[in-house]
Amino acid sequence: MTSAFAPSLSYGGPSNGINPNRGAARPAQPPPVDISALQSASRVLQDQFAKDATIIPDLGDTLTSPSGQVSASYSVFPDDYRVPFQKRKFVGIPEGLFEYFEAVNGVTHMGLMPEIERAWISYDHKLFFWDYVDGHEISSFMEQSDVISDVALVKPKQGLFIDEISSLFVITTPLSVFILGVSFSSGPGRGRAFRDLKLYATDLKVNTDVEMVSVIGTPDGRIFMCGAQDGCLYELHYQENESWFGKRVQLINHSVGGVQSLLPRFAASTAEDKISLLVADDARNCFYALSTKGISIYKSNGEKSVQHVQTVSNIFKAAQEKAPGHPALTPQNFEIRSLHVVEPVESRAGVQFFAMTNSGVRLYFGPTTIPSYSYGLSASYGHAARPVQLIHVRLPPTNLIHPDVQIQQYRPPVTTYGAAQVPTQVSSRPFPITEIENTNYYRGLTVAAHPGDRDGNDYILCMSPDLTRIGTLGQLNLPQQQPSTTTTHEPYRSTLTDGRPTLTEHATLLCIPGRTWATAKLPPATTASAAPDGPPPVAPINELATQFGETPCQFMLLTNSGLSYLVKRRAVDFLRAILEEIQAEGNVQRIVEFRDSFGRDQTCCMLLALACGNTFLDFPDDATSNTGTITTPRPDTSSVAKQAFYDLGERPTWTERVTYGTTDSQGTAIFSGRREGLCLYFARLVRPIWKTKLTKPGMLNKQKLAVEEDVIVTIQKNLFFLKDFLDRNPHLFHSSPSESSTRVPAAEQEAWRAEQNSVSELLALLSRTIEALSFILLLNDYMLGDLISQCDPEIQRLIAAQTFESLISTQDGMTISRALVNVVIDQQIGQQISVDTISEVLQHRCGSFCSTDDVMLYKAKENVRKAVESRNPAERQNWLAESLRLFIKGARILEFDKLREICGDYQQLNYAKGAVELPLTCAQVLDPENRGLEAWHAGMPQGDPRTELAEKRLRCYELVLDSLAVFEEKCNTAKAPTNGHLPASADAEAVRSHAYELAFGSDDEFFHSTLYDWLIGRGLADDLLEMRPAFLEAHLRREPITVQKFQLLWQFYVKNGQPLRAAEVLGALAESTQFDLELGMRLEYLTLAVANAKSHPISANGRHETAIAFLTDLEEKLDVAQVQLEVYNVLAPHINDAPEVGERIKLLSKQLLTMTDIFQRYAVAFDLPDMKLLCLHVSEHRDESVVRPIWNQIFDEILREEPDPSKAADRIFVRVVSLGKRFYPSESAFPLRYIATLLVRFALANKNVVPRGWAPRILVQCGVPFQDVWDVLHEMYESQVPPFNDQANVQAISSDIAVLLSDWLNEAKRPQALAGRGEFPVGRIDRAVDQYLAELEPGREETKAIYESIKRELRRNW
């Protein structure tokens, strides 16, 4: 299948003979991304950004100081390698155009328009546009008859012209001004992207009686110019349609007012103040006008209106005061020839512009910092404006070397290393500056044309800042030089009194053919630098920070012979020339001087760039691609650069810091120049993008790359060559064999270790950055905006806030990169593209952004897709099994949303193994050290970091439970008959069973617990008890405990043959206070506990004695609980009485109480005699002092309530019998002798009402044996204790005994008698009856008859 991956601009390898696979081949397993190391290296880069922002002051800092208002410091060297500019090439005017001019005589003008890559040349009324890049292409305009004076290129007003028109030509003649539309579009060319120039007629023309010159335009489309004859300021105003209040096009004279400008011009401006030059300052929204009186500042503040802000006059006098007596400042040779804008970024101090005189003096103007009374300030200010004044005079160089001498390429003698360079005398032929003509300026660089002393040539004065003199670079032994500009009147300082260095410049003269008509700065050939959002800005003159990220500045000079190109020579160009000289001549002194001038670290940085190659080492060719071509010097030169990099880099050192008064010491490494050079070079390569946002809003609310692709590709190329060079030369950051011996001090070894550790971190960041840029370019190939729109909202938010740095070196960067890779993969898989194809591209170009784990996941997903498409069940199972294997291997990076999606796929495919095992594996992988399991065991405490891991595991478990639910549902659906057909549930049932088997087969206790809760919640507790899985007991015993868990736990023990454990659980449940259980339920649990305890086998686990004790305890608790229940039932009708009473009664039903509590708080408190007796009975508490008052109370209540003895006797009979049946033979609750005494006393007190034998018969009814009753009565009979010391009472007792013995005898005779006839005490009764008869009073015939009857029956039956 053909790959859908289109070719990308991503740079994967060089094309100059180096192995293209080096550094880009797919690794078998990319090393893991060490975020901390990347962030450490990133901080190193940021330190370098900060250093670059401070090592070179900006232009304003070198000029603005109260003690340094004049300067004249220049570096003028006779040797050519330090010449600041060089002639790059010359392009002659096409022969046809030359021939045309030579054939006729007329008025000719020329100019440069680099914005459209054209030079314009006019001859009388004919206008030609020369494509100087192509060299031969000429277009012409001849549709008007007036002699052309000037041509300017300006911006059009918005909305007035067709879209194709991007610029306007303003053409002036002595009689008119008119406008042509210009379109400049790309088309098929010859060797480059040829740009076609088209002109459009606009019918915008206005006649004038004044010839217009010096035309300028503003960004909003306004056009200003000045009159050559009257020196007035004019505006060419145009609009879409003519109206009553304005013509479609008109000239407005702002010098004499709007009313006069509408009338024909008959009077010129005053002769004292004529404007001759206009210069626009777009950044400050103003423009400057040079006039005979001085320099005026204007702002365009409305339609057809300008505001005069200020005029700086008496400039010559102010300059003389700052540099009195200088020969370049005399009235005869003081004439301002040009004005140049100083951009705001060049000067924090606010230097705004400078003027250049014919003698080369530069006058810098800026706002006043203190109240000033200097000459000639007439201004109309806004509220916050500060007046502009002359703040610095820059005098010209006076010892410029004549170009003829410079060409000799003088070489001074070689000196020994370490000594200062000896000043050398060159042939004295200085060239004085007297007639500066055309000038140009850009960010500290100045070029000015001067007539040569030979016909047909101009000398070009080239000046640029000498960074070695004004920067803080770690310079040593700076080469001395002869003072370049001194006078007999005053030696001008090269250092300001406040410590800041004053401006020092390189200066030289270059000779070009022809007389200069125009100069212009050439726009850069590439856009390989982007404005960073984050790093502190570097001074524009700091070419050290930018020379590896942008093309060198070039100027064009148009002469009557052709076009000459001058290019700025940077520090790296100086160094390259030195290396080539070393290679050719072996002179190493030059490179030592260079190191001393630029400092060790800067030199190593440039040497590294020269050794490994860079897209900006060579001056760009017009045919160069937008991304540049990697350039390396010749191999021999590169070898010299590499050796010098090692030699000049020195070695790292270690400094100890000892804390006074202690033995503790800490140290820091001072890194070698090699490490510092690597940091500098790396930082400068990535500076344009490092802190830049990754994306920015584009069309249709979609994101797009915030940096141009060409910029990214260029940076990536340079980074790749750096990495390739370092990979091929790993020894550069190691000590030499002789230094690595054991004799090296420990401190030095520590320094080497620190350096190697830092370098390894930087190399890791370098590799990661290269891959990150490849990754970004890859995403851009596949419509980055569309990919981002398919991500989750949270990922989209992260991407919007992401910088290149954070993408490379933070966890968020890894998160969004993985999300974007997933989107790309999904997109490509959706197009039926093999995962192998996609992953191979990803791993080849950005391996750390697509790890082996990632690839496994993609392949696994593809296997799932194949399983979906497969019709063969066996083949489908194979695809699914392989997908599961791969998913499990890559589980470490599997995101939860993806996991949920995969489980859904497995559910749809009835793949139980995958749906269960994959989430369980992910849960283990998420918590490899089981810290989440620890949190679960600890109860998931809030705020514990381990709890988050436990929650992640739970989310995975929920996926398993969801799969089980889905398989359950499918099984139930399959079982239901459809359309009258029998259900086909075998497959669904098999899948369901397999899923449960896998789930229960897990050894994850946390999961089992979650599973059991889920099953119990679905009403499957009985099934769970039947299965009795491994972790069920632990789950049911684990906090938080619930009634349901306890109920299941005791049932589990019963089913598991552990009745004693079941009894323990039931007992704990009955006694628990944390559950709201009714008393009846607690009683039931205790009853079950007793039953299970009794079922415990004698020999089980040798716990027989313990089991008996536990059973006894349970039975006692059960008895107490029964008492409590009875008490509660007695008191329940009173639950709605007083609130405190109700609350106390309710407490009885909520928890089990002790017998003491029941007795004291309820039986006694509520005065319940029966319940008191019950408590005494159950507790077997024998205390006569407690029980007797209770029985007294029972009798007293009956007697109090029933005064009739007969009825009272009946109530006593009923009450005592009921209690006796319940409590006898408990002496604790039913003290027999005392109760018998109470009954007998009542009977004696009511002899006439109570029948004989009433008391003993009650006791017999209570269940007291006849013999026990007889014994008690006989004791009374014999006691002689009141009231039984009274004979009448004794005889009454005798009558009761007679009835008792008669009843006993009759009972003994019954066949169904409980006591056998043999147990009847015949002899004792016979003897007792004889006694009773002998002591019986004569009048008790009835009693006597009973006794005698007893004797007869005894004899008859025994």
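Excluded from the calculations below are hydrogen atoms, water molecules and symmetry mates; all remaining heavy atoms, backbone and side chain alike, are included. Keep in mind that what you see is a predicted model, and the values were worked out from it rather than measured.
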For Tyr288, what residues pass the ring pair (Phe, Tyr, Trp, His ring centres under 6.0 Å) criterion, not counting sequence neighbours? Phe353
Please determine whether ring pair (Phe, Tyr, Trp, His ring centres under 6.0 Å) holds for the pair Phe77 and Phe574, giving the CA-CA distance in whole Å, both sets of side-chain angles, and the decisive distance to 0.1 Å. CA-CA 13 Å; Phe77 295 103; Phe574 297 164; 9.3 Å; no
State whether the number of non-hydrogen atoms from other residues, nucleotides or ligands found under 6.0 Å of Lys155 atom NZ is greater than 12. no
Ring centre gap for Phe85 and His506 strictly below 6.0 Å: no
Side chain proximity check, Leu277 to Arg337, heavy atoms < 4.5 angstrom: no
State plainly whether the residues Arg570 and Asp573 are in salt-bridge range, i.e. N to O under 4.0 Å. yes
Ring pair (Phe, Tyr, Trp, His ring centres under 6.0 Å) evaluation trace for Phe431 with His402: CA-CA 6 Å; Phe431 187 86; His402 195 283; 5.8 Å; yes
Is there side-chain contact between Leu112 and Leu563, with heavy atoms separated by less than 4.5 Å? yes
Minimum heavy-atom separation for Cys511 and Asn457, please, with both atom names. SG-OD1, 3.6 Å
According to side chain to side chain donor-acceptor pair (under 3.5 Å), who are the partners of Glu505, at least two apart in sequence or on a separate chain? Arg362, Arg394
Which atom names give the shortest non-hydrogen contact between Val154 and Ile216, and what distance separates them? CG1-C, 4.1 Å
Listed partners of Glu437 passing salt bridge (Lys or Arg N to Asp or Glu O under 4.0 Å), at least two apart: Arg515
Phe129: which of Trp120, Phe169, Phe184 passes ring-ring contact (aromatic ring centres under 6.0 Å, His included): Phe169
